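First up is the structure itself, then whatever we jot down about it.
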Amino acid sequence: PSAVGITGRYLTNLANSDELAELERKNREVVLSLYEALSCRDVETVTKILARDLEWWFHGPPSHQFMMRLLTGDQSIQSSFSFSPKSIASFGSIVIAEGCDSERGIYWVHAWTVTDGIITQVREYFNTSLTVTRLSSSSKSRSSASSTAEIASVHYCPSVWESSLSNLVGKSVPGLVLAI
């Protein structure tokens, strides 16, 4: 299932905002536990947190695939590079973490999908500004004489999160939109 499907299913199945807040808190804890385990090189905990068939998306220069090298045990990774999130936010099953290494001019965003306490997907963005939007249907009714503007307004995509650290790398970076 896609991240959109997973998020939508969780949001419609949750009875109230307290349950959603609790789910988001637990998902943030899972992701924070992963970063802590990675910094300590705790392979056992990393193995417990990540799905065996983790779905991985990467956007950025191939030379910046630090997370993949770290998780696969590649010894060529620079031991001084660490993933230490500066901000973290969650939206249902999606947890967004961002950080940067301003000395190297590297900015990163990870969009993790957490299902039942296990990370099943990661979307990794390097030196890319990210805006997260939530897809939803508009509540506006359509008249029989629909115009192009009315058709375009059927879907509403509010921005729920935007990169805030991309300007710390000291260079212009491309921007992408992630729809959840």
Side-chain angles (χ1 to χ4, degrees), residues 1-7 9-11 13-14 18-130 132 160-169 173 176 178 180:
S2 71
V4 173
I6 291 170
T7 302
R9 188 172 349 124
Y10 274 119
L11 293 177
N13 288 340
L14 292 173
D18 290 340
E19 289 178 19
L20 178 59
E22 180 62 15
L23 171 70
E24 290 175 343
R25 184 191 62 76
K26 287 180 179 179
N27 290 342
R28 277 191 307 272
E29 285 180 5
V30 168
V31 170
L32 287 170
S33 295
L34 176 67
Y35 286 116
E36 183 177 326
L38 289 171
S39 70
C40 298
R41 303 295 198 249
D42 180 354
V43 175
E44 185 177 331
T45 300
V46 170
T47 303
K48 288 178 183 177
I49 293 174
L50 294 177
R52 297 181 105 203
D53 59 345
L54 178 70
E55 182 179 347
W56 201 311
W57 297 62
F58 179 82
H59 183 274
S63 63
H64 288 38
Q65 291 181 332
F66 301 111
M67 180 68 75
M68 181 174 52
R69 290 187 204 119
L70 181 64
L71 292 176
T72 59
D74 185 339
Q75 299 301 317
S76 68
I77 186 169
Q78 296 175 353
S79 60
S80 63
F81 191 89
S82 66
F83 290 98
S84 181
K86 304 293 186 228
S87 73
I88 191 160
S90 57
F91 308 95
S93 63
I94 307 296
V95 178
I96 307 291
E98 73 174 331
C100 70
D101 182 336
S102 53
E103 288 180 22
R104 290 188 180 111
I106 297 173
Y107 164 76
W108 56 267
V109 176
H110 293 147
W112 305 96
T113 301
V114 182
T115 306
D116 299 324
I118 302 294
I119 295 173
T120 57
Q121 181 187 71
V122 60
R123 292 178 183 243
E124 190 172 22
Y125 304 91
F126 270 85
N127 290 348
T128 303
S129 178
L130 190 68
V132 178
V160 294
W161 184 88
E162 291 184 22
S163 299
S164 64
L165 299 176
S166 60
N167 59 349
L168 295 179
V169 296
V173 296
L176 290 176
L178 174 63
I180 58 173

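All figures in this text were calculated on a predicted structure; none of them were measured in a lab.
Here the straight-line distance linking atom CG of Leu38 with atom OG1 of Thr45 works out to 10.0 Å at 0.5 Å rounding. His64 NE2 to Asn127 CG: the interatomic distance, rounded to the nearest 0.5 Å, is 5.0 Å. Between Leu71 atom CG and Gln65 atom CD the span is 12.0 Å, to the nearest 0.5 Å. Here CD1 of Ile49 is found 10.0 Å from CG of Leu32. Values are rounded to the nearest 0.5 Å. To the nearest 0.5 Å, atom CD1 of residue Ile96 and atom CG of residue Leu130 are 6.0 Å apart. Residue Ile94 holds its CD1 atom at 7.0 Å from CG of Leu178, rounded to the nearest 0.5 Å.
Residues Met67 and Arg69 fail the side-chain proximity criterion, which asks for heavy atoms closer than 4.5 Å. Residues Ile106 and Cys100 are not in side-chain contact: their nearest non-hydrogen atoms beyond the backbone lie 4.5 Å or more apart. Two residues are said to be in side-chain contact when any heavy atoms from C-beta on lie closer than 4.5 Å; Val31 and Val114 meet this criterion. The closest side-chain heavy-atom distance from Phe91 to Ser93 is not below 4.5 Å.
Taking 4.0 Å as the cut-off between side-chain N and carboxylate O, Arg25 and Glu22 count as a salt-bridged pair.
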Any chance you could lay out the side-chain contact (heavy atoms from CB on, under 4.5 Å) test for Trp57 and His59, step after step, and finish with the verdict?
CA-CA 7 Å; Trp57 297 62; His59 183 274; over 6 Å; no
Side chain to side chain donor-acceptor pair (under 3.5 Å) between Ser164 and Glu98, intermediate numbers included:
CA-CA 8 Å; Ser164 64; Glu98 73 174 331; 2.8 Å; yes
Is there a side chain to side chain donor-acceptor pair (under 3.5 Å) between Trp56 and Glu124? Walk through the geometry before answering.
CA-CA 8 Å; Trp56 201 311; Glu124 190 172 22; 3.2 Å; yes
Would you sort out whether Thr128 and Tyr107 count as a side-chain contact (heavy atoms from CB on, under 4.5 Å), showing the intermediate values?
CA-CA 7 Å; Thr128 303; Tyr107 164 76; 5.9 Å; no
Checking Trp161 against Val109 for the side-chain contact (heavy atoms from CB on, under 4.5 Å) test, could you report, in this order, the C-alpha distance in whole Å, the side-chain angles of both residues, the deciding distance, and whether it holds?
CA-CA 12 Å; Trp161 184 88; Val109 176; 4.1 Å; yes
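Of the options Ile118, Ile119, Thr113, a side-chain contact (heavy atoms from CB on, under 4.5 Å) to Thr115 is made by Thr113 and by none of the others.
Counting all heavy atoms, side chain and backbone alike, Val46 lies closest to Ala37 at CG2-CB, 3.7 Å. The two residues Ser90 and Val95 have their closest heavy-atom pair at CB-CG2, 3.9 Å.
By the 30° and 60° cut-offs, the orientation of the rings of Phe126 relative to Phe58 is tilted.
Looking at Asn27, its side chain does come within 3.5 Å of a backbone N or O of Gly92 through a donor-acceptor pair.
The salt bridge (charged side-chain N to carboxylate O under 4.0 Å, His left out) check on Glu162 picks up nothing, with sequence neighbours excluded.
Each ring pair (Phe, Tyr, Trp, His ring centres under 6.0 Å) pair with one or both residues in residues 26-52, not counting sequence neighbours, appears once here: Tyr35-Trp108, Tyr35-His110, Tyr35-Trp112.
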